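One structure is given below, encoded as C-alpha cells.
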Amino acid sequence: SNKIKVAILGYGNLGKGVELSILKNPDMSLEAVFSRRDPKSVKTINTPVYSVENILDFKDKIDVLILCGGSKDDLPVQTPEFAQYFNTVDSYDNHAQIPEYFASVDAVAQKSKKIAMISVGWDPGMFSINRLFGEALLPDGETYTFWGKGLSQGHSDAIRRVEGVKAGVQYTLPSTKAIEEVRSGVRPSLSTKDKHTRECFIVLKDGADASKIENEIKTMPNYFEPYDTSVNFISQEEFDKNHNTMPHGGFVIRSGNSSENINQVIEYSLKLDSNPEFTASVIVAYTRAVYKMALKGEFGAKSVLDVAPALLSIKSNETLRKELL
Ligand code: NDP
C-alpha cells in the first residue's frame, strides 16, 4: 500500500498510545512493535512484536521509527543509535538537556541523512510552539506556563513512602488566583510555587494516624512544604474508581503590550484525560511531517519549532487553504 509505514520501539504507556493513535490516522500503517523484552511477553492491541535485536531486518521496510522509551535512560542511547538507520521521532522531555541531546542526535542524522525529530509531545512540544508564537507576536510581554491538573509521578511516589499510607496519588493544580491575575493583562512576577497548588488523595493502612500523616506530608521539604497542599483521605474503593487514569494539561499564556496601555493576551490550554495518549497523538502527526520532509530530501535533527504546520496534516495544502484560511 502507499501508506506511511511506521514502527514503534518501546512499548510502555506511550508506545500503547501511539498504537491507538495510528488507528485514527488512515494514511499510516503500523508495521511492527520492537521491544527489549521477550516479544512473547509484550501484549499489544494487534501489532506484531519483535525483539529489538531484529530491528535492522526492517531497515528498508519502515518509513519512520517512533521511539517510545523513557527520557532518562532510554532515549539518550536509542535515538543516536537508531538515527543511523531510520527516520525517527521521540518525546525527549528533559528540558535542560535538550541542547546537548539535539547536538548528539544531529551529529548522527547529518551523517546518515535521516531526519531525527526530537522532543515531540505537549511540553516540550505544543507548549513550546505556543511560547514561540507568544514571544514573536508580542515581543513586549511575559510568557506564563501553568501545569495541571496533572498527576505527578514523583510526588505520588513521595507520599506512598510515608509510613501508614496504603495508596496515594498527587495532582498538581494551577492556582486559580494566579491564572486570573495573568489573564487580566497585568504582568505579575510569579514563581513556580505561586502558580501551583498540590492535592493528595490517600488510602490509609488500618490503624494509621491521619493527622500525623497529613502533617508529615504538608511539611515535607521541597516536595510539599513550599506549596499550598491539601490532603484528602478516601476509601480504597473510591481510589480505584476515581484515581486510575493519568490526566494532565495546562496553560501557556502570553500577556503583552502592543502600545502603552493596550494589553493583548494569548492563551493556549490543554485538558487531557490521558497524558500518554495525547503525547502519542502529537507524535503521530509529527511522524507524518517527518515522512514528508524526508521525501523532500531533508535530513538532520529537528524540533517542533522547525516544522511548517501544513506538514502535520493528512490534507493537501490546497484543501487546507480552502478549508482553514
Ligand atoms: P514507560 O515507563 O511506560 O515506558 C518506557 C519503556 O519502559 C517502554 O518503552 C518499555 O520499553 C520499557 N518497559 C520495561 N518494562 C516494561 C513493562 N513491564 N511495561 C511497560 N513498559 C516496560 O514510560 P512512558 O511510556 O509513560 O513514557 C515514555 C517517555 O515519554 C517519558 O520518559 C517521557 O520522557 C516522555 N513523555 C513526554 C511528554 C512530552 O510532552 N514531551 C509527555 C509524556 C511523556 P521495552 O518495550 O523496550 O521494554
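Positions are given from 1 along the sequence. All values derive from a computational prediction rather than experimental measurement.
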Task: Side-chain (E19) to main-chain (N46) donor-acceptor, under 3.5 angstrom - done: yes
Open item on the list: Quick one, K16 and P276 - any side-chain contact, counting heavy atoms below 4.5 Å?
Closed with: no
TODO: Identify whether V165 and L151 are in the same connected component of the hydrophobic contact network (ILVMFWY, side-chain heavy atoms under 4.5 Å).
DONE: no
Task: Close side-chain approach of W147 and D123, heavy atoms under 4.5 Å - done: yes
Task: Ring geometry between H248 and W122 (parallel below 30°, tilted from 30 to 60°, perpendicular above 60°) - done: tilted
Open item on the list: Applying the side chain to side chain donor-acceptor pair (under 3.5 Å) criterion to Q170, which one of Q153, H155, R198 satisfies it?
Closed with: R198
Open item on the list: Any non-hydrogen side-chain atom of I217 less than 4.5 Å from a side-chain atom of I202?
Closed with: yes
Task: K302 side, atom NZ; M117 side, atom CE - distance, nearest 0.5 Å - done: 8.0 Å
Open item on the list: Any side-chain to backbone donor/acceptor pair from Q84 onto E81? Under 3.5 Å, distance only.
Closed with: yes
Task: Those residues that, when tested against I314, pass side-chain contact (heavy atoms from CB on, under 4.5 Å) (two or more places apart) - done: P26, D27, R288
Open item on the list: Is it the case that the ring center of H243 lies less than 6.0 angstrom away from the ring center of Y171?
Closed with: yes
Task: Main-chain N/O of P76 paired to T79 side chain as donor or acceptor, under 3.5 Å - done: no
Open item on the list: To check you understand the geometry: which heavy-atom pair defines the closest contact between A301 and D106, and what is its length?
Closed with: N-OD1, 2.8 Å
Task: Side chain proximity check, I213 to F233, heavy atoms < 4.5 angstrom - done: yes
TODO: Return the minimal non-hydrogen interatomic distance between H196 and P174, and the atom names on each side.
DONE: CD2-CA, 4.1 Å
- [ ] Count the heavy atoms belonging to other residues, nucleotides or ligands that lie under 6.0 Å from CD of E163, then report whether that count exceeds 12.
- [x] no
Task: Backbone of G154 reached by a side-chain donor or acceptor of D157 within 3.5 Å - done: no
TODO: For a side-chain contact (heavy atoms from CB on, under 4.5 Å) with F146, tell me which candidate from V252, V182, T192 qualifies.
DONE: V182
Task: Backbone of L65 reached by a side-chain donor or acceptor of T88 within 3.5 Å - done: no
TODO: Look up atom OG in S91 and atom CD1 in I283, then write down how far apart they are to the nearest 0.5 Å.
DONE: 4.5 Å
TODO: Could you tell me whether a side-chain N or O of D90 sits under 3.5 Å from a main-chain N or O of S119, the two making a donor and an acceptor?
DONE: yes
TODO: Following the transitive rule for hydrophobic clusters with a side-chain heavy-atom cut-off under 4.5 Å over Ile, Leu, Val, Met, Phe, Trp and Tyr, establish whether Y92 and M126 coincide in one cluster.
DONE: no
Task: Short N-O contact, R183 and E180, less than 4.0 angstrom - done: yes
- [ ] Establish whether L14 and F127 are linked, either directly or via other cluster members, by ILVMFWY side-chain heavy-atom contacts under 4.5 Å.
- [x] yes
Task: Check: N2 main-chain N/O paired with K5 side-chain donor or acceptor under 3.5 Å - done: no
- [ ] Take atom OH of Y227 as the centre, draw a 6.0 Å sphere, and report whether it contains more than 12 heavy atoms from other residues, nucleotides or ligands.
- [x] yes
Open item on the list: Are the side chains of Y291 and T287 in contact, using a 4.5 Å heavy-atom criterion?
Closed with: no
Open item on the list: Pairing donors with acceptors under 3.5 angstrom, does anything connect the side chains of D93 and S71?
Closed with: yes
- [ ] Could you grab the distance from atom CG of L272 to atom OG of S281, nearest 0.5 Å is fine?
- [x] 9.5 Å
Task: Salt bridge flag under 4.0 Å for residues K218 and E214 - done: yes
- [ ] Would you check if F86 and I62 make a side-chain contact, meaning some heavy-atom pair closer than 4.5 Å?
- [x] yes
TODO: Among residues two or more places apart or on two chains, list those pairs meeting side chain to side chain donor-acceptor pair (under 3.5 Å) that have a residue in residues 48-62.
DONE: none
Task: Donor-acceptor under 3.5 Å (N87 side chain, D63 main chain) - done: yes
Open item on the list: Quick check: is V282 connected to M28 through a chain of hydrophobic side chains (ILVMFWY, heavy atoms under 4.5 Å apart)?
Closed with: yes
- [ ] Provide the closest heavy-atom pair for L173 versus K149 in the form atom of the first, atom of the second, distance.
- [x] CG-CG, 4.2 Å
Task: Between SG on residue C68 and CG on residue D74, distance to nearest 0.5 Å - done: 10.5 Å
Open item on the list: If we count only N and O atoms by modelled type, under 3.5 Å, do the side chains of T279 and N275 hold a donor and an acceptor together?
Closed with: yes
Open item on the list: To check you understand the geometry: which heavy-atom pair defines the closest contact between A289 and L312, and what is its length?
Closed with: CB-CD2, 4.1 Å
- [ ] May I ask whether L30 and V284 are part of the same hydrophobic cluster, defined by side-chain heavy atoms of I, L, V, M, F, W, Y residues being less than 4.5 angstrom apart, directly or through others?
- [x] yes
Task: Closest non-hydrogen atom pair between T229 and F224, with its separation - done: OG1-O, 3.4 Å
- [ ] Work out which heavy atom in N25 is nearest to a heavy atom in S21; give both atom names and the distance.
- [x] ND2-O, 2.8 Å
Open item on the list: Rounded at 0.5 Å granularity, tell me how far CG in N94 sits from NZ in K72.
Closed with: 10.0 Å
Open item on the list: Under a 3.5 Å distance rule, please check whether S104 uses its side chain to pair with a backbone N or O of Y101 as donor and acceptor.
Closed with: yes
TODO: Say whether, by atom type as modelled, one donor and one acceptor occur between the side chain of D273 and the main chain of P247 under 3.5 angstrom.
DONE: no
Open item on the list: Looking only at the aromatic ring of each residue, does the gap between the centers of F34 and F58 stay below 6.0 angstrom?
Closed with: yes
TODO: With the side chain counted from C-beta on, respond yes when L270 and F278 share a heavy-atom pair under 4.5 Å apart, and no when they do not.
DONE: yes
TODO: With the side chain counted from C-beta on, respond yes when R36 and Q78 share a heavy-atom pair under 4.5 Å apart, and no when they do not.
DONE: yes
